[in-house]
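One structure is given here, and the rest of the page talks about it.
All ligand and atom numbering here is 1-based and tracks the order in the structure. For the numbers below, each heavy atom of this structure counts, side chains included, while hydrogens, waters and symmetry mates do not.
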Amino acid sequence: MKAARISKILVANRGEIAVRVIRAAKELGKKTVAIYSDADRDALHVKMADESVRIGPSPAKDSYLSMGGIISAAKDFGADAIHPGYGFLAESAEFADTVQSEGLIFIGPSAETIRSMGNKIKAREIIRAAGVPTVPGSAISSDSVEDALDTADAIGYPVLIKAAAGGGGRGIRICNDRQDLQNQWKIARSEAYSSFGSNETYVEKYIKNAKHIEVQILGDGVHQIHLLERDCSIQRKRQKVWEEAPAPILPGDVRAAIHQSAVDIARNIHYSGAGTIEYLFDTDENRFYFMEMNTRIQVEHGITEEITGIDIVKEMIKIAEGNELSITQQDVASRGASIQVRVIAEDPENNLLPNIGKISRMNWPSGPGVRVDHGLSVEYFVPPYYDGLLAKIIVHDASRIDALKRMARALDETAIEGLKTNIKLLQALSIDDGIMAGEFNTNYFEDWLRDNGYLKKVRS
Ligand code: ADP
Ligand code: ADP
Ligand code: MG
């Protein structure tokens, strides 16, 4: 590996993750360039970077997704590397390729890795070849509904239709029987095309009682290690809301086997950078299956940092400079328990619809074991154009039960005025019996929302 010192990083993102990357860069002595859309002129990440540049109008396609504009900005400001954060261009193989061919460093894995893991069908094939079980389902893209029906008949209903290029919880539809699959097939294909630019779809068995367990990995292209697991089963619309490390209630042998399988996968693909291997643990069958891989920093990386003491974003930057991993597997130990909640701009009194507004006051928790990652400031207008994630509140304590109490305390200290948020729901979760017991699966939170009258309509 050739070492290439990075001196200035353009952060091709916004919000809390842009702030997070700027912090890591500063601690490593690197200069930073922020990009912003018109809606983000006054955003925190713009104030925190050494330099900043307007990249375009508010819609993401004209700003944070503008590859040409971002690369020109990097060159104009003399940046030698680009950190993509998550979402936007983070998993665009084309972007990673272009960054490199323009002589800049992409802080992430190779375009080839992004391309193969970004396609869920291809990823399943590679992972099966590495000897790791994948969720039962299609081996190839089901081009015709007949293929899909055959696969579904073989594995049994209910099944999911999944977009090969899907992400962010979108591009997934549940089908309860043949008729249902027949009805939804065409819509799923065209939706996949309009949302992700590819109509490739496949069928996967729907695991009814599952925990979402994922393993953080780090690699330098030669060495690959895991940084233990996270439980991200508390979700709405297939997006995580509450995350924990380590995962509560997981049989010890399963935990070890999942870690090993993640390292096997990472080695098999010679992984370089930070990544996450996502699994479903079927609690009825007591077995786990590979679900997908995310070739980027994940929203919930902070809880892993808390229990391991490893700064994952700094590691990403050092790896991109061509350094070997500074940690070995033996150095990775778990200390205590960490929990993260996602504070989201949504209205609990109105079916959790997205909310926008100008922040008039905000009060973040602090004190022992509390970390808040956000990208906000008073007077900033939270716009309608992007993801509704406002902040992440992360706690760490000696045991899970202590961490739960700490989360409840931290949420009591939290207040945001000027727009509606899910804070009261998070408060309720932090003292919920099912959460306390650790006995939850991926349906838990939506059931809870319906039972408590927050969701009027049944969502699929
Ligand atoms: P994580 O897996 O890190 O928990 P999420 O699923 O919450 O991340 O996604 C993080 C952000 O990235 C969200 O804004 C989500 O909408 C976006 N995102 C993730 N994957 C894709 C994708 N393939 N296409 C578009 N947006 C995506
Ligand atoms: P994304 O790329 O959008 O993150 P994933 O494939 O990771 O998509 O799935 C997102 C979520 O959808 C999972 O965390 C899980 O809750 C649910 N899910 C996905 N596949 C299945 C499945 N086969 N059975 C049950 N739930 C699933
Ligand atoms: Mg996922």
Legend entry - Top protein contact for atom 2 (O) of ligand 1, by heavy-atom distance: Q298 NE2, 2.8 Å

Inset, instruction - Between R170, K208, Q235, flag the one that comes closest to atom 16 (O) of ligand 2 by a heavy atom. - result: Q235

Legend entry - Neighbour count above 12 (heavy atom, 6.0 Å) for E112 CD: no

Without placing hydrogens or testing angles, list every side-chain donor-acceptor pair under 3.5 Å for residues 57-65, not counting sequence neighbours.
unit_1: S58; atom_1: OG; unit_2: A39; atom_2: N; d: 3.2
unit_1: S63; atom_1: OG; unit_2: P57; atom_2: O; d: 3.2
unit_1: S63; atom_1: OG; unit_2: P59; atom_2: O; d: 3.0
unit_1: Y64; atom_1: OH; unit_2: S37; atom_2: N; d: 3.1
unit_1: Y64; atom_1: OH; unit_2: D40; atom_2: OD2; d: 2.5

Inset, instruction - Mind jotting down which residue pairs meet the side chain to side chain donor-acceptor pair (under 3.5 Å) criterion with at least one end in residues 265-274? Sequence neighbours excluded, please. - result: none

Legend entry - Stacked cation flag K358 on Y380, 6.0 angstrom / 45 deg: no

Inset, instruction - Check each heavy atom of A165 against ligand 1 and say whether those closer than 4.0 Å belong to the side chain, the backbone, both or neither. - result: backbone

Legend entry - With sequence neighbours excluded, residues passing side-chain contact (heavy atoms from CB on, under 4.5 Å) with N183: Q179

Legend entry - Within-4.5 Å side-chain heavy-atom neighbours: Q235 and W242: no

Inset, instruction - Of the side chain and backbone of E214, name the one, both, or neither that has a heavy atom under 4.0 Å from an atom of ligand 1. - result: neither

Inset, instruction - Check which protein N, O or S atoms are less than 2.8 Å from the Mg ion (ligand 3) and report how many there are. - result: 2

Legend entry - Within-shell test, G167 vs ligand 2, heavy atom, strictly < 4.0 Å: yes

Legend entry - From E91, K120, R238 - option closest to atom 5 (P) of ligand 2 by heavy atom: K120

Inset, instruction - Please state which part of V299 comes within less than 4.0 Å of ligand 1, counting heavy atoms only: side chain, backbone, both or neither. - result: both

Inset, instruction - Could you tell me the residue and atom name of the protein heavy atom closest to atom 9 (O) of ligand 1, and the distance to it rounded to 0.1 Å? - result: Q239 NE2, 3.9 Å

Inset, instruction - Scan R23, H83, E27 and name whichever one has a side chain to side chain contact (heavy atoms under 4.5 Å, CB included) with V313. - result: H83

Legend entry - Exam field: side chain N350 to backbone L353, donor-acceptor pair closer than 3.5 Å: no

Inset, instruction - Measure N294 to ligand 1 on non-hydrogen atoms and call it side chain, backbone, both or neither using the 4.0 Å cut-off. - result: side chain

